[in-house]
Amino acid sequence: MASLWVILTIALPWLGGLVVWLLGEGRSKVQHFMAVGFSVASAVAGLMLLTVITDEVIVSIPMGTLFGEFTFIPDMLGVFLAIVATAIGSLAVIFSVDYMRGEAGLGRYYSLVLLFIGAMVGLVLSGSLLALFLFWEITAFCSYVLISFHNDDEKAVRGGIKALVITQLGGIGLLVGALAIESQIGTYQISDFLSRFQELPQNVLIFIAFTFLAAAVAKSAQVPLQTWLPDAMEAPTPVSALIHAATMVNAGVYLLVRFYPAFEGVQGWKSAVLVVGLLSALIGGLQACFASDLKRALAYSTVSQLGFMVFAIGLGAVFASQFHLLNHSIFKALLFLCAGSIIHALGTRDMRAMGGLRTRMPFTFLTFLIGALALAGIPIANGFFSKELILEHAFHNGPAWAYLGILLATGMTALYVVRMLRLVFFGQPGAYSIHVDSQRAMKVSLSVLAFGALTSWLLAGQFSSSLLASLPYQTWVDLSTVEMLSELIAAPGTWITLIVIAASAGVWLFWKTRDREGQRIQPVSDFILAGLGFEHLNHAIVRGVRALSNAATLTQTGQLQWNLVGLIAALFLALSMAVWSMT
Amino acid sequence: MIAPAFIWMIVIPLLGAPLVYLVGHSGRRFWGDRVSRYAALLVFGATWVAFVRAAQAASMEPTADFTWGGMSLALDGISLLLAFVALLLGTFVASFSGEYITGEAGQEKFYAMLVAIVGVMIGLGCATDLFNIWIWFEAMAVTSYLLVAYYHTRALSLEAGFKYLMQSAAGSVLVLFAIGIVLSQTGTLTLAEIRSQFTAGAPMLLAGVLFLVGYGVKSALVPLHTWLPDAHSQAPSGISAMLSGVVIEAGLVALLRSIAPIAAQMTFWGPLLITCGLLNMIGGNLMAYAQTQVKRMLAYSSITHVGYMLVGLGVTFLLRESSGAQGGLFHLLNHGLMKGLAFLAAGALLYTLHSASGDHKPLMIADLAGGARRYPLAALCLSLALLSLAGLPPFAGFMSKWLIFKAGFASGDPLLWIVVALVALNSVFSLAYYAPVVNLLYRRKPSKVVLEGRPLPWSMVTPLVILSLAIIALGIWPDMIGWMTHSAGEALVAGFHF
Amino acid sequence: MIISPLTISLLVVCGLTGLGFYGLLVTRNMIKLIMMLQIIVKAAVLGIVIAGQGNGQLNLSQNVAITIIVVDTIVAVVALAFAIQIRRQMGTLDIRELASLRG
């Protein structure tokens, strides 16, 4: 029975993708219907996985001697991410029914989204490194194709290829790390590695720990490889919500958590993780304060929030990071889908052209507000609790600079959230004309997510105990919801944080600026939005390679005798190598 | 003496080639233009029967010998693998080329030479003697010169053909010198006997280097690759698929066979092959990145893929065990399928967009814009081929690259780990020129050329679809042909006698 | 110092090879290029005959030599056919004018 649910959760979306694709163009009603049906079915199958949680191999597919076995293990860590992928996946698909209505290429869109959902489930459930890498790459591929879904738009194509190349560069880290593990312990099974990692030579373990960190940094858009995520916002908004906020970008964090027991003891690894997370939280937050594009602002905020999770892992607060991951997936998907609804209605993504939407789109305003409260870390909404747990750990266990840094990032979060709310929903209405609030299918998705954003923190205790029960190599604290509450209320850190949040929110609420984007700081904001120089680095590398490749083509002169010179040169080269090897 | 089954794999196409010509030449009056293609397919069908029987015999007894006059042939894992790839691509090319070649004068020659080159390549894989290898190799080369310059009234094809011929012939002379040196040192040309007579020393090293450079021209080692982009882009697309998919790999097999008996005692072959591999990857990638013509870009990417194979084989030389060679030879097979598919799909689009309306322009990358709307299947197949070439799962290219990486890591040598990381980096780099093509194909707004294109005949699309399915199947279930690559790798290592 | 016939033959082989390769690099006329190629092949044939004679395998090496001559005649014929066709189509036999395919 257990194996059935595992297989169904992966296979249902894939089957659905195939069906939707085979339906062909021109049958959009059926395609919408099929996509929703299959994604909801996979979400149900995903929820059923909760009944079969175990730390043992449930499905095992032999792939021959050279490729090992593809195993699937539904432990709580994997299952919770699988549920996030399928549930938010199905909500994104439901949202798409309205968002993508009338668009061309629906078959391609839905089949790739469904392929992605299946691959994401496979990624988190697989117990074999090779399978993990395989699914890792498939998710990268889906993300690329969906970012550049509107192929006629040059920006979308560039964003897609950039995302693909950068995540693939990180993928090399996972590849070499996985191969190093295989070469040392002779198997691809993750559980074997986690039980036997002490047998590895110390330097090899260090190598693996840092290559995996590189992979996670690229996938989760952390500094210095964060630049692809804002450019990925050219994707249709449900895709941004699903792939670039709620699921795929979490894969990096997942990787770090999954292998945390082995890397915990590696010299310098935790500090490196801490620094990467902190820098991302700060830089992402800073950029979000200056962005004028609604989706890019949310993307910067994703970088920042993922930074919080990575930071927590660096502190050793693994549960807090996973709890924040869960909450963030819900409220960020909510925010993105609200943004999608606004963009769909207005036809623009520029926040400066919005304003006054509070009365025009009341439902969207309400749901966005809930998401915003969660993001800012205001009590009642789920973001408060997980963020507070992370800050609490930093206060007690982290160095002072780390605590101050993350406190600053928390303040910045409140700052940009309030700014966003003001620009979009309050103030003078921009020059737009809208007639409708979110449409019916959109409302369904938004209300479910808003409900989740308000209540998911109640699951903390349950979540923590099942994590503890099904992960034999992790040593996590068991924490019930009531304990968490009482601890948080008693802690001085909580009150410090709340004061910081309130103060920075207040700054924006009462700061009357005449022009919305202060002209005087234009150069500064340009620099910050260009990724603090990281963007320039990217461009320089691309230009360099382009120049090198143009230079290389000069060697192809088309002259036969030049070709023959090449032959003689090769002869001398090989000969001199031979002679050199003899001496 | 009864000839073993595998001999028929060579005899049927070699005898069939003149028959195809005769039937096509004299039969077209009665049966029309198509007869030569059907005759060629018939010959391939008969060869497949021989192949299956040979493979069955090989599974009982791994090696079979046959001697006839001065010629001796033997079947081992490598011969079987090469025969499989050659025959597979030959069959697909023959079934694809129907419409493509129709209307050209002398299509019976095209099919006859296609059959002949397949037979010759199978023979090359089975040769057991240095000089025999050279003869089969030259026969293959001459056939391929004629096929490259098949459009013998077009200036560009002639230019490509002539330059290809000169460079390749200059290389094969070097092989003759190497054969002379080996003969003077050991007094024999049979591979097995050379191994027993072998004495390490400067002359043998020189011979090895001459083999490397001589056969290296055909297998497009940088800087001997300069003929390849010209020849592969000017040949008829089916032939480009053959050239990229098997002919350059056959050159690689000839090289490996020739250096096997004299290389075992030399430590420098491993690093040399790996260096060549890295050079090929970097050079091929850089040049491919700057291309504006589809077929030229694919041609440069073949140089890169030879690099992957060389790294796998170099690892085998270095570590003296077969895992790297298994990866390299698996990649040889996959590259045959992927590049065959890519060239055939590009050829189909070239045909509908340009050739069918009578112009001889090359297919530019920009022409592909919006191709998916009018030619959904051809565009999908081309995209799959490109993504597979870039090494994305779940396609075949990923699995063979993974095996090569895995072999490199097995040693625990940090230098090899760096090599593997470099190879992976190159693989990512190649996305930078494959991915834009895919994006271009799926634009909504078609280019002018696409709007004016002709419909695509089913006889062209069907082979594309089958090849795509094969690539996906191998990507999901790579162990399917594990028996073949495994025995090929083992045969290679056995040839080295480490 | 006595110069043995073997040394002389080897010198001839080297000389012919050098001459041929030099010619390949400097000649512009395609027909002459093919001739240069033939010169190198003949040097190789000579080398193989010498090699066979050196260790008593003259029979083998002569067989090989004859085969090489046959095979290379075929190559030369194909090359000449191309050259003629090029002359017809483009009106030139100058190899340096054959440089449309580049980059």
Side-chain angles (χ1 to χ4, degrees), chain A residues 62-67 104-105 108 130 133-135 137-138 140-141 144-145 148 150-152 157 160-161 164-165 168-169 171-172 175-176 179-180 182-184 204 207 545-546 548-553 555-558 560 562-564 566-567 569-571 573-575 577-579 581-582, chain B residues 162-163 166-167 170-171 174 202 205-206 208-210 212-213 216-217 221 223-224 226-227 229-230 266-268 272 275 283 286-287 289-290 326 387 392-394 398-399 402-403 405-406 409-412 417 420-421 424-425 428-429 431-432 435-436 439-440 442-445 477-479 482:
Chain A
M63 296 294 287
T65 46
L66 291 170
F67 301 95
R108 191 154 54 93
L130 176 53
F133 183 73
L134 221 106
F135 287 117
E137 298 281 279
I138 296 177
F141 165 71
Y144 145 68
V145 183
S148 50
H150 297 294
N151 279 299
D152 295 83
V157 171
I161 294 175
L164 181 64
V165 169
Q168 291 278 63
L169 279 180
I172 295 178
L175 173 93
V176 278
L179 287 167
E182 201 274 344
S183 74
Q184 295 292 324
V204 175
F207 175 81
V545 172
R546 178 64 73 180
L548 207 61
S549 111
N550 284 334
T553 52
T555 61
Q556 188 79 13
T557 57
L560 173 65
W562 166 257
N563 296 358
L564 292 173
L567 189 137
L571 193 58
L573 222 68
L575 266 182
M577 233 180 124
V579 171
S581 81
M582 286 194 48
Chain B
F162 188 77
K163 287 201 285 198
M166 291 306 285
Q167 200 170 351
L174 296 181
L205 211 55
L206 178 64
V209 166
L210 287 170
L212 179 77
V213 177
V217 174
L221 308 185
L224 309 164
T226 32
W227 61 273
D230 301 350
M266 297 178 198
T267 51
F268 109 113
L272 185 64
T275 315
L286 279 176
M287 310 267 262
Y289 187 48
Q326 282 184 40
L387 295 172
L392 281 181
F398 167 77
M399 284 300 176
W402 176 274
L403 280 190
F405 297 152
K406 180 171 177 270
F409 259 81
S411 68
W417 289 21
V420 170
L425 205 61
V428 174
F429 177 29
L431 278 171
N439 285 121
L440 211 55
Y442 282 92
R443 281 197 178 183
R444 302 296 308 170
K445 209 165 144 262
W477 192 245
D479 213 35

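Just so it is clear: chains get the letters A, B, ... in the order the sequence lines come, proteins before strands, and each one is counted from 1.
Atoms CG and CG, on Leu286(B) and Asn550(A) in that order, are 10.0 Å from each other to the nearest 0.5 Å.
Your options are Ala551(A), Ala140(A), Gly566(A), Gly160(A), and the one with the most heavy-atom pairs under 4.5 Å with chain B is Gly566(A). With chain B as partner, the option from Val204(A), Val145(A), Leu175(A) having the largest number of non-hydrogen pairs under 4.5 angstrom is Leu175(A). Contacts with chain A were tallied for Ala202(B), Gly283(B), Pro223(B), Gly171(B); Pro223(B) has the most, counting heavy-atom pairs under 4.5 Å. The residue among Val165(A), Leu571(A), Val579(A) with the most heavy atom pairs within less than 4.5 Å of chain B is Leu571(A). Interface summary for chain B: among Gly171(A), Ala569(A), Ala552(A), the most heavy-atom pairs under 4.5 angstrom belong to Ala552(A). Contacts with chain A were tallied for Leu387(B), Leu206(B), Leu403(B), Leu174(B); Leu403(B) has the most, counting heavy-atom pairs under 4.5 Å.
Taking the six-membered ring where the residue is Trp, the centroids of Trp402(B) and Phe67(A) are separated by 6.0 Å or more.
The 12-atom threshold is exceeded at CH2 of Trp477(B), counting heavy atoms of other residues, nucleotides or ligands nearer than 6.0 Å.
Ser549(A) places none of its side-chain heavy atoms less than 4.5 Å from the side chain of Phe429(B). Looking only at side-chain heavy atoms (C-beta outward), Val157(A) and Arg443(B) stay at 4.5 Å or farther from each other. Here the side chains of Pro436(B) and Ile161(A) are in contact, with some heavy-atom distance below 4.5 Å.
Both the backbone and the side chain of Arg546(A) come within less than 4.5 Å of a heavy atom of chain B. Looking at Phe135(A), neither its backbone nor its side chain comes within 4.5 Å of chain B, counting heavy atoms on both sides. Of the two parts of Gln168(A), the backbone and the side chain both hold a non-hydrogen atom closer than 4.5 Å to a non-hydrogen atom of chain B. Both the backbone and the side chain of Leu567(A) come within contact range of chain B, each with at least one heavy atom under 4.5 Å from a heavy atom of that chain. Using a 4.5 Å cut-off between heavy atoms, Leu425(B) touches chain A through backbone and side chain atoms alike. Contacts between Ala435(B) and chain A at a heavy-atom distance below 4.5 Å involve backbone atoms as well as side-chain atoms.
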side-chain contact (heavy atoms from CB on, under 4.5 Å) between Met166(B) and Asn563(A): does it pass, once the steps are laid out? CA-CA 10 Å; Met166(B) 291 306 285; Asn563(A) 296 358; over 6 Å; no
Show your working on side-chain contact (heavy atoms from CB on, under 4.5 Å) between Lys406(B) and Leu130(A) and close with a plain yes or no. CA-CA 11 Å; Lys406(B) 180 171 177 270; Leu130(A) 176 53; over 6 Å; no
Could you walk me through whether Val176(A) and Trp417(B) pass the side-chain contact (heavy atoms from CB on, under 4.5 Å) check? CA-CA 8 Å; Val176(A) 278; Trp417(B) 289 21; over 6 Å; no
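Every residue meeting the side-chain hydrogen bond (donor to acceptor under 3.5 Å, both in side chains) condition with Gln167(B), not counting sequence neighbours, appears here in chain and number order: Thr226(B). In terms of the side-chain hydrogen bond (donor to acceptor under 3.5 Å, both in side chains) criterion, Trp227(B) has no residue partners (sequence neighbours excluded).
The aromatic rings of Phe207(A) and Phe409(B) are tilted relative to each other, their planes meeting at an angle between 30° and 60°.
Here the closest non-hydrogen pair linking Leu272(B) and Met577(A) is CD1-SD, 3.2 Å. Heavy atoms only, all atoms of each residue included: Ala290(B) and Thr553(A) are closest at CB-CG2, 3.6 Å. Contact detail for Pro393(B) and Ile138(A): the closest heavy-atom pair is O-CG1, 3.9 Å. Considering all non-hydrogen atoms of both residues, Pro478(B) and Met63(A) come closest at CD-CE, 3.8 Å. Shortest non-hydrogen contact noted between Gln556(A) and Pro229(B) is NE2-CG, 3.5 Å. Nearest heavy-atom pair, Lys163(B) versus Leu560(A), reported as atom, atom and distance to 0.1 Å: O-CD1, 3.8 Å.
The main-chain N or O of Tyr442(B) is found under 3.5 Å from a side-chain atom of Asn151(A) such that the two form a donor-acceptor pair.
Inspection of the Tyr144(A) and Asn439(B) side chains reveals an N or O donor paired with an N or O acceptor under 3.5 Å.
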